[in-house]
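All heavy atoms count here, side chains included; hydrogens, waters and symmetry mates do not. As the structure is a computational prediction, the values presented were derived from the model and not from experiment. By convention in this document, chain letters (A, B, ...) are assigned in the order of the sequence lines, proteins followed by strands, and residues within each chain are numbered from 1.
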Number of protein chains: 2
Amino acid sequence: MDSIRMTATAPKPVRSATGAVTEQLRQAIIAMEFPPGTRLSEGEIATRYDVSRQPAREALISLSKIGLVQVLPQRGTLVTKISTRHMMQVRIAREALETAIVQRACERFDPVIRSSIDAILETQERAATDGDYLTITQSDSQFHGAIAAAADCEMIWQMVLDVKAHMDRVRHLTLQDRDSMRILVRQHRAIINAIDARDPEQAEHAMRTHLLEILKDLPRVLAERADYFE
Amino acid sequence: MDSIRMTATAPKPVRSATGAVTEQLRQAIIAMEFPPGTRLSEGEIATRYDVSRQPAREALISLSKIGLVQVLPQRGTLVTKISTRHMMQVRIAREALETAIVQRACERFDPVIRSSIDAILETQERAATDGDYLTITQSDSQFHGAIAAAADCEMIWQMVLDVKAHMDRVRHLTLQDRDSMRILVRQHRAIINAIDARDPEQAEHAMRTHLLEILKDLPRVLAERADYFE
DNA sequence: TGACTTGATCTACCATACAAGTCCATACTA
DNA sequence: TAGTATGGACTTGTATGGTAGATCAAGTCA
């Protein structure tokens with residue numbers, strides 16, 4: 001399990017309190033531990049993660065830049081509700097960035113990183129048959145990140161990570177069955193095959209359909225959990 | 001002059017010390033008031049803008065997220081040098097995002113905002129003949145922002161603003177002559193014409209050539225000011 | 001009754017003090 | 001002289017006190 005941390009997407013361990021709180025809080029929000037609309041506060045976060053108010057504050061500011069929380073001056077901080085209008089832009093942005101990445105990947109693709117991708121796909125294959133949701137999501141991020149790294153687009157990948165957080169939050173609401181996991185792995189293979197063949201149009205198309213798949217359950221979630229939306 | 005603040009791209013006035021310092025520092029870095037490699041420090045910024053260390057610190061953190069400065073823990077903070085590798089990704093990212101915006105603009109374009117764009121173009125026309133660099137850059141940002149707003153892509157525009165900061169810094173180094181200003185206005189007209197005609201391919205093409213123009217002087221700058229690069 | 005005032009109690013924001021790591025010049029030692 | 005400690009002057013990171021603004025409920029006056 002620890003070997004996957006050697007891939008290009010492995011985040012460097014954060015030693016600072018601010019970084020630690022930011023990361024934990026980010027994951028907690030994505031995992032719906034703090035549902036949309038939840039009222040947070042610097043002091044609350046501080047005591048929860050056993051740090052002072054300052055790191056807690058800076059963590060909230062960081063997440064507000066991404067758009068996961070909303071800081072209302074002198075009033076409070078709350079977890080942003082999901083907005084279909086916002087999700088539309090998130091989808092467009094991620095699609096634009098990641099299709100650009102795979103197109104560049106068809107021109108320039110680091111062979112060393114390429115060889116490491118097969119292992120990621122195998123991990124996904126096993127996780128799909130096992131129905132292992134956690135491993136699927138983690139290795140999915142690794143897959144996309146590895147492609148970006150191989151295409152020398154790591155700065156763009158950082159941008160993708162920010163918008164991806166919103167999609168991950170929605171995805172966490174859609175209960176993943178084995179079928180959709182298998183579809184995901186198949187789509188991943190289609191993407192990497194197109195890159196291997198240096199076919200930009202095919203790669204772009206494969207990536208686009210893959211990303212479209214992620215949000216196809218959004219209307220259902222909207223109907224079921226209207227309180228999470230605005 | 002104040003009427004232009006009514007357009008969609010006008011940032012809401014920041015009353016907080018952190019916001020004010022962030023904005024001033026950002027513009028100062030873009031204007032090369034702090035050249036790449038300059039060593040900053042929280043205390044230094046604090047005294048310069050007459051605030052305490054805390055707002056200065058948070059401003060530096062914000063700019064480090066964009067990539068304009070680099071915070072080295074316990075060591076210092078410096079203005080990031082220009083990297084051709086980084087600028088390549090900046091160009092790809094902005095191209096991807098803004099072509100996506102104009103494509104969406106061909107499907108959906110707010111007529112009220114559309115009508116305000118003509119005034120922006122006229123302002124640019126005057127500024128180009130006058131050789132007014134400041135007005136050109138300001139209204140350029142307004143033009144792109146207005147298109148994003150009309151296409152209901154304001155969240156994507158925020159992302160563009162971040163990467164645009166890097167391109168603006170390079171652009172500030174290339175002394176703008178009247179000819180290139182006129183080219184800029186002509187390209188803007190080509191973009192808006194394509195959107196008016198609801199021609200996605202043409203709009204994308206026009207935007208792409210326009211953005212390509214901005215960085216065409218990058219090699220010359222690299223040769224002249226190698227100390228700004230890494 | 002209804003509009004307004006007031007005050008208690010939240011909040012984020014800012015200022016300041018302290019802690020800990022880094023760098024560098026200087027002094028010391030072999 | 002070359003190498004190594006060492007102490008001080010930086011830096012960012014963290015903790016905490018205090019302030020202004022927002023909210024809301026209770027009270028007051030018409």
| query | Are any of A:T18's side-chain N or O atoms less than 4.0 Å away from OP1 or OP2 of D:dG13? | reply | no
| Rounding to a whole Å, what distance do you find between B:Y49:OH and C:dA15:P? | 16 Å
| Would you say a side-chain N or O of B:T77 is under 4.0 Å from OP1 or OP2 of D:dT12? | yes
| Could you state the CD-P distance from B:Q54 to D:dT12, rounded to the nearest angstrom? | 12 Å
| query | Cut-off 3.5 Å, side chains only: do B:E58 and B:T18 have a donor facing an acceptor? | reply | yes
| task | State plainly whether the residues B:R220 and B:E224 are in salt-bridge range, i.e. N to O under 4.0 Å. | result | yes
| request: Please determine if A:K65 and B:D162 form a salt bridge, counting it only when a charged side-chain N lies under 4.0 Å from a carboxylate O. | output: no
| Spacing of A:I45 atom CD1 relative to C:dT11 atom C1', expressed in whole Å | 14 Å
| query | Out of C:dA20, C:dA12, D:dT16, which nucleotide sits closest to the side chain of A:S52? | reply | D:dT16
| Whole Å only: how far is the CD atom of A:E58 from the P atom of C:dC13? | 12 Å
| Of the candidate nucleotides D:dG13, C:dA12, C:dC23, which contains the atom at the shortest distance from the side chain of B:R75? | C:dC23
| remark: Out of D:dT14, D:dG13, C:dC13, minimum distance to the side chain of A:A17 belongs to D:dT14
| said: Using the rule given for salt bridge (Lys or Arg N to Asp or Glu O under 4.0 Å), can you reason through A:R104 versus A:E154, listing the C-alpha separation, both sets of side-chain angles and the distance that settles it, and then say yes or no? | reply: CA-CA 12 Å; A:R104 181 161 172 77; A:E154 278 166 318; over 6 Å; no
| With sugar-phosphate meaning primed atoms plus P, OP1 and OP2, does A:L60 contact a base, only sugar-phosphate, or nothing at under 4.0 Å between heavy atoms? | nothing
| query | Do B:Q74 and D:dT12 share a donor-acceptor pair, side chain to base, under 3.5 Å? | reply | yes
| message | Does D:dC10 have its OP1 or OP2 closer than 4.0 Å to a side-chain nitrogen or oxygen of B:S41? | response | no
| request: Kindly point out which of C:dT16, C:dT22, C:dA12 is positioned nearest to the side chain of B:R53? | output: C:dT16
